[in-house]
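Please read the structure below before turning to the comments.
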Amino acid sequence: MVPTHTLAAAFHDTRWEYAPALAALSVLHYVFAALALRGVSGRSLPLLPTTMAQFTAAAANRLTPGGLGAIAVNTRYLVCHGLPLAQAAVAVAVMQVAGAPADLFLLLLILGVDQDDRALHTMGDHAARAMTFLPPEPLLAAGAILLAATALWGRRAARSAAVTRALAGLRDLARRPRDLLLTVTASAATTFVLGLAFALSALAVPGTGAGPGDVLPFLTAYLVGAAAAAAVPSPGGVGSTEAALTGALIALGVTAAPALQTVLLFRAITFWAPVPIGLLTSRTLRRQHPTGHPAETRRITAPRR
């Protein structure tokens, strides 16, 4: 158990002047999520209500694994703005799928800017040293089991109706270059602003020894850590995300206590602080009805482009 005086000292030493910038980046994350939803839907959704819906989706996501809460909220929101239920569900699924190539593109872009590749080299060295302490036989067996399970699941998923509909939705989005560009760019931007907030959180903790020149390595560490955490479908990524991001910082050479403090600060501002906003905005979303009931809903629904 961490002593109370240690926690108090860590709280006192934190550079709280970074907190407003962290809060602004957290809000910007939801704005870009709203733009991504606008792109996949093909509708000129009103930006402010759509952003508020993303706060509600985030609050729902804190209780459900695998992003199911956000999927349900965004699907209902699109239905309330004129999309048929099946089309709304496909649009939300496409937005989820589009996040992976967008994040990969962002990682490649950051690595292209970071000519030294210091983050990947450092984390790779730490991972290689850690592997020397593990016996190879259990790792090979676990890898074989994981590979077989992945292949089996992949074959079943490829034949499912959900995947078929998602692929059809991707083809439809590809035929709308403007919406495709908006979706991919906004999806990458949601990850980028969170990665930047993670880097600022490291700057806010004196024990990390981070400076302005370390922003790109911390961005890379966030992308790697977030990708690792996504493999564990816990509600909101709670626990797995903290462990993965802390491990990524330790792999960069940050000691354990400042690494944990950085992650807790980052998660407190970008993950937990928006929840009350999402609970408040959920009331507005609950009052909306699918198109065809109240005239007000029909009036705010923009025509399909």
Side-chain angles (χ1 to χ4, degrees), residues 1-30 58 61-62 103 106-107 110-111 113-114 116-127 129-130 189-232 234-275:
M1 185 173 181
V2 181
T4 304
H5 70 275
T6 302
L7 294 175
F11 182 87
H12 180 268
D13 293 339
T14 300
R15 300 185 180 107
W16 291 107
E17 60 268 23
Y18 286 99
L22 286 170
L25 288 171
S26 179
V27 172
L28 194 58
H29 164 76
Y30 294 104
N61 239 18
R62 305 301 179 257
D103 290 350
L106 178 61
L107 177 59
I110 292 174
L111 293 178
V113 175
D114 185 14
D116 296 333
D117 292 341
R118 181 160 61 91
L120 284 185
H121 287 160
T122 305
M123 287 189 286
D125 291 342
H126 278 76
R129 284 197 294 270
T190 59
T191 303
F192 175 76
V193 295
L194 284 184
L196 189 56
F198 185 68
L200 288 182
S201 299
L203 293 176
V205 177
T208 61
D214 297 315
V215 169
L216 286 179
F218 284 115
L219 272 172
T220 307
Y222 173 77
L223 290 171
V224 173
V232 182
S234 60
V238 176
S240 60
T241 299
E242 286 79 4
L245 293 179
T246 302
L249 287 177
I250 293 174
L252 275 180
V254 180
T255 54
L260 180 59
Q261 185 183 348
T262 296
V263 173
L264 292 179
L265 174 65
F266 168 73
R267 294 284 275 176
I269 294 180
T270 65
F271 186 82
W272 292 112
V275 170

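In this chain, residues are counted from 1 in sequence order. Only heavy atoms go into these numbers, but all of them, side chains included; no hydrogens, no water, no symmetry mates.
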Within-4.5 Å side-chain heavy-atom neighbours: [X] and [Y]:
{"X": "Leu107", "Y": "Thr220", "answer": "yes"}
{"X": "Val263", "Y": "Leu249", "answer": "yes"}
{"X": "Thr270", "Y": "His29", "answer": "no"}
{"X": "Phe218", "Y": "Leu196", "answer": "no"}

Between [X] and [Y], what is the shortest heavy-atom contact and its length?
{"X": "Ala221", "Y": "Leu252", "answer": "CB-CD1, 3.6 Å"}
{"X": "Ala210", "Y": "Ala202", "answer": "CB-O, 4.0 Å"}
{"X": "Ala21", "Y": "Leu200", "answer": "CB-CD1, 3.9 Å"}
{"X": "Gln261", "Y": "Thr14", "answer": "NE2-OG1, 2.9 Å"}
{"X": "Gly225", "Y": "Ala244", "answer": "O-CB, 3.3 Å"}

[X] [atom1] to [Y] [atom2] distance, which is reported to the nearest 0.5 Å:
{"X": "Leu22", "Y": "Ile269", "atom1": "CG", "atom2": "CD1", "answer": "4.5 Å"}
{"X": "Phe192", "Y": "Leu28", "atom1": "CZ", "atom2": "CG", "answer": "10.0 Å"}
{"X": "Leu203", "Y": "Glu17", "atom1": "CG", "atom2": "CD", "answer": "10.0 Å"}
{"X": "Leu219", "Y": "Leu194", "atom1": "CG", "atom2": "CG", "answer": "10.5 Å"}

Checklist entry - Does the Ser201 side chain pair with the main chain of Leu265, one donor and one acceptor, at a distance under 3.5 Å? => result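 The answer is no, because no donor-acceptor pair under 3.5 Å joins these two groups.
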Item to check | Cation-pi, Phe271 ring and Arg267 (6.0 angstrom, 45 degrees) | outcome: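 Judged by the rule (NZ or CZ under 6.0 Å from the ring centre, within 45° of its axis), Arg267 counts as positioned above Phe271.
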Checklist entry - Tyr222 vs Phe198 aromatic rings, parallel, tilted or perpendicular, using cut-offs 30° and 60°? => result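 If you compare the ring of Tyr222 with that of Phe198, the planes turn out tilted.
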